[in-house]
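See below for the structure under consideration.
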2 protein chains.
Amino acid sequence: MARAGLTTERLVRAGAELADEVGFDQVTVSALARRFDVKAASLYSHLRNSQDLKTRIALLALAELADRAALALAGRAGKDALAAFADVYRDYAREHPGRYAAARFRLDPETAAAGAGVRHAQMTRAILRGYDLAEPDQTHAVRLLGSVFHGYVSLELSGGFDHSAPDSDTSWARVVDALDALLRNWPAP
Amino acid sequence: MARAGLTTERLVRAGAELADEVGFDQVTVSALARRFDVKAASLYSHLRNSQDLKTRIALLALAELADRAALALAGRAGKDALAAFADVYRDYAREHPGRYAAARFRLDPETAAAGAGVRHAQMTRAILRGYDLAEPDQTHAVRLLGSVFHGYVSLELSGGFDHSAPDSDTSWARVVDALDALLRNWPAP
DNA sequence: GGCATTTGCCTACACCCTTTAGGTAGCCGC
DNA sequence: GCGGCTACCTAAAGGGTGTAGGCAAATGCC
C-alpha cells in the first residue's frame, strides 16, 4: 500500500491550484483526493473538514497577496505606490482567480486577525503617507481604496467589462489616475 | 394528496427569501422543497435544475434593484442622484444580503442581457449627466462608480468595517462626498 | 536486525443534495 | 361523473461530507 506523502501543507497548496483551475467553490475534499489518487476519507487526517480546507486556502492567498504588495510598495511613494499596489491586486486576481476568490472567503474574526489581514490594512494605510490626509479621512480613504480595488477586480473577473470599449486595461489606468487626483484633492467635510 | 400550489414564480420568490435568511449559496432545491413541505423531486417540474433556480433568483434581484434605483433617480440630478443611487445599492444589500449575493451570481451573457443588466448600466450613466464628462472618461467613471458601490457593499457585508471606528455610515457618506468631488474634478489624461 | 509503536491510508457506512423515471391522485372541462 | 391533464409522489442512482475502525508501512528502540 504505497503512501502518497500527504501533508496539510501540500493539500492546501494543491487546493489553491485546484481553485485557480476550477473555481474556489468547486474545491471539494473529494476533488482534492482524486488529484492525489487517494480516497477522500484519507484527507481527514490532515484537514478537519471542508471548511478547514477552504479557510487554509484563504489564508494562503491572503499571505501571498500581502507578500506581493509589500514587495511592490517597497521604495515607492505617492502615485507610484498607489499604482503598484493596485496592480498587485489586479494581477494577482487575474493570475489566480481561485485564490483571489478564496481571499474573499468569509473568515471568523480571530482567524482573520491571525492571518495576513492586518498587513493588508497597514499597507493600504502606508500608501496614504504620500498624501496629506488626517484622520478620520484617512480611514475613509482606506475604505474607498479597498472598495475600488476589490470592486473593480471582482467585476472584471466576472466578465463585466469584457465586451465593451474601452478595454479594461485603459479603464484601470484611468481609475488609478482618478484615485490619485482624488487623494490629492480630498474634499473637506 | 393535498396540493401545495407550486409555481415557478412562487418558488423563485421563496428561494429569494431563503437566500436572505441563510445565504445565497445555502439555497438548495432540497431546502426549498422542505419549505413547501414537498419532496425535492417535485420541484423539477417547475425548475430545470439547481442552477436554473439560482439564475432566476439572480434575475429577480437584479430587477428589484433596478426598480428601486429607477425610483430613486427620478427627479434627482448631480450629487443628489449619486447619493440616492448609492444608497439604493447599499440599503438593498443590507436588507436583502442573499438577494444581493444572487445579483452577483455569474450569468451567461444572453441571460444577463435579457434581464435587467442593461437598465443598471443605463442608470449609472444617467447619474453622470449631472457632471461634465465626455467619452471615454464617462465609461471609466461608470466603471469606477460600479466598482466602489459593489466593493464597499461587499466588504461591508463580509464584516470588514465592523469593529473599527469610524462607523460604516459615516465612511459611506464621506465616500459619496469624495466621489462627487472626483466627478466634478475629473483629471485630464 | 527484530520488535513495538506510530501514523498514513484504507474500507465501510451513514447522511444529505441533485436529478431522472415512472406512477398515482386531485382537479377541470365536458 | 368521467377522461385527461397536471401536480406531486416514490424509487433509485450518483456524488460530496464526515466518522469509525482496520491494516500495513515507516519509525524508533534495543
Side-chain angles (χ1 to χ4, degrees), chain A residues 1-60 97-99 101-102 105-108 111, chain B residues 1-60 97-99 101-102 105-108 111:
Chain A
M1 208 165 276
R3 298 197 171 197
L6 305 183
T7 65
T8 304
E9 169 85 16
R10 285 189 66 199
L11 287 173
V12 172
R13 271 220 290 275
E17 282 162 31
L18 186 58
D20 287 335
E21 290 165 27
V22 303
F24 182 58
D25 38 38
Q26 305 303 315
V27 173
T28 66
V29 175
S30 302
L32 195 53
R34 267 193 297 273
R35 177 157 295 217
F36 282 92
D37 210 24
V38 139
K39 298 295 171 185
S42 305
L43 303 199
Y44 286 86
S45 336
H46 305 281
L47 304 167
R48 266 208 313 289
N49 51 36
S50 175
Q51 165 92 2
D52 181 41
L53 170 61
K54 289 184 177 171
T55 301
R56 286 173 190 274
I57 295 174
L59 291 173
L60 171 70
R99 284 161 151 95
F105 185 62
R106 180 156 194 159
L107 302 173
D108 46 307
T111 313
Chain B
M1 207 165 277
R3 299 199 169 195
L6 304 183
T7 64
T8 304
E9 170 83 17
R10 286 189 67 199
L11 287 173
V12 172
R13 271 220 289 276
E17 282 162 31
L18 186 58
D20 287 335
E21 290 164 28
V22 304
F24 183 58
D25 38 37
Q26 306 302 315
V27 173
T28 65
V29 174
S30 301
L32 195 54
R34 268 192 298 273
R35 177 156 295 215
F36 283 92
D37 211 24
V38 139
K39 298 295 172 187
S42 305
L43 303 199
Y44 285 84
S45 335
H46 306 281
L47 304 167
R48 267 208 314 287
N49 51 37
S50 175
Q51 164 93 359
D52 182 40
L53 170 62
K54 290 185 176 171
T55 301
R56 286 173 190 274
I57 296 175
L59 290 174
L60 172 69
R99 284 161 152 95
F105 185 61
R106 180 156 196 161
L107 303 173
D108 46 307
T111 312

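Just so it is clear: chains get the letters A, B, ... in the order the sequence lines come, proteins before strands, and each one is counted from 1.
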Quiz item: Do Arg48(A) and Leu53(A) have side-chain heavy atoms sitting under 4.5 Å apart?
Solution: no
Exercise. Rounded to the nearest angstrom, tell me the gap between atom CG in Asp52(B) and atom C1' in dT18(C).
Key: 14 Å
Quiz item: Should we say atom CZ of Arg35(A) is surrounded by more than 12 heavy atoms from elsewhere, each under 6.0 Å from it?
Solution: yes
Quiz prompt | Spacing between Lys39(B) atom NZ and dG23(C) atom C1', to the nearest angstrom | solution = 16 Å
Practice problem: Report the distance from atom CG of Leu43(B) to atom P of dT10(D), rounded to the nearest whole Å. | Solution: 13 Å
Self-check item: Any His46(B) side-chain N or O less than 4.0 Å from OP1/OP2 of dC8(D)
Solution: yes
Quiz item: Is it true that a side-chain atom of Asp52(A) and a backbone atom of Leu47(A) form a donor plus acceptor pair closer than 3.5 Å?
Solution: no
Quiz prompt | Ser50(A) side-chain proximity, nearest of dC9(C), dG18(D), dT18(C) | solution = dG18(D)
Quiz prompt | Whole-Å gap separating P (dT19(C)) and CG (Asn49(B)) | solution = 5 Å
Exercise. Answer with base, sugar-phosphate or nothing: what part of the nucleic acid does Ala41(A) contact at a heavy-atom distance below 4.0 Å?
Key: base
Self-check item: Value in whole Å for how far the C1' atom of dA7(D) lies from CG of Leu47(B)
Solution: 14 Å
Practice problem: Return the value, rounded to whole Å, for the distance between atom CG of Asp37(B) and atom P of dC8(D). | Solution: 12 Å
Quiz item: How is Ala40(A) classified with respect to the nucleic acid when contacts are heavy atoms under 4.0 Å: base, sugar-phosphate, or nothing?
Solution: nothing
Self-check item: Phosphate OP1/OP2 of dG15(D) contacted by Arg34(A) side-chain N/O (<4.0 Å)
Solution: no
Quiz item: dC17(C) P sits how many Å from Asp25(B) CG, rounded?
Solution: 14 Å
Quiz item: When you check the phosphate oxygens OP1 and OP2 of dC10(C), does a side-chain N or O of Ser42(A) lie under 4.0 Å from one of them?
Solution: yes
Quiz item: Over how many whole Å does the gap from Tyr44(A) atom OH to dG22(D) atom C1' extend?
Solution: 19 Å
Quiz item: Which residue pairs pass the ring pair (Phe, Tyr, Trp, His ring centres under 6.0 Å) test with at least one member in residues 10-48 of chain A, sequence neighbours excluded?
Solution: Phe24(A)-Phe105(A)
Quiz item: For Ser30(B) and dT18(C), is the shortest distance between a side-chain N/O and OP1 or OP2 below 4.0 Å?
Solution: yes
Quiz item: Roughly how far, to the nearest 0.5 Å, is the NZ atom of Lys54(A) from the CG atom of Asn49(A)?
Solution: 10.5 Å
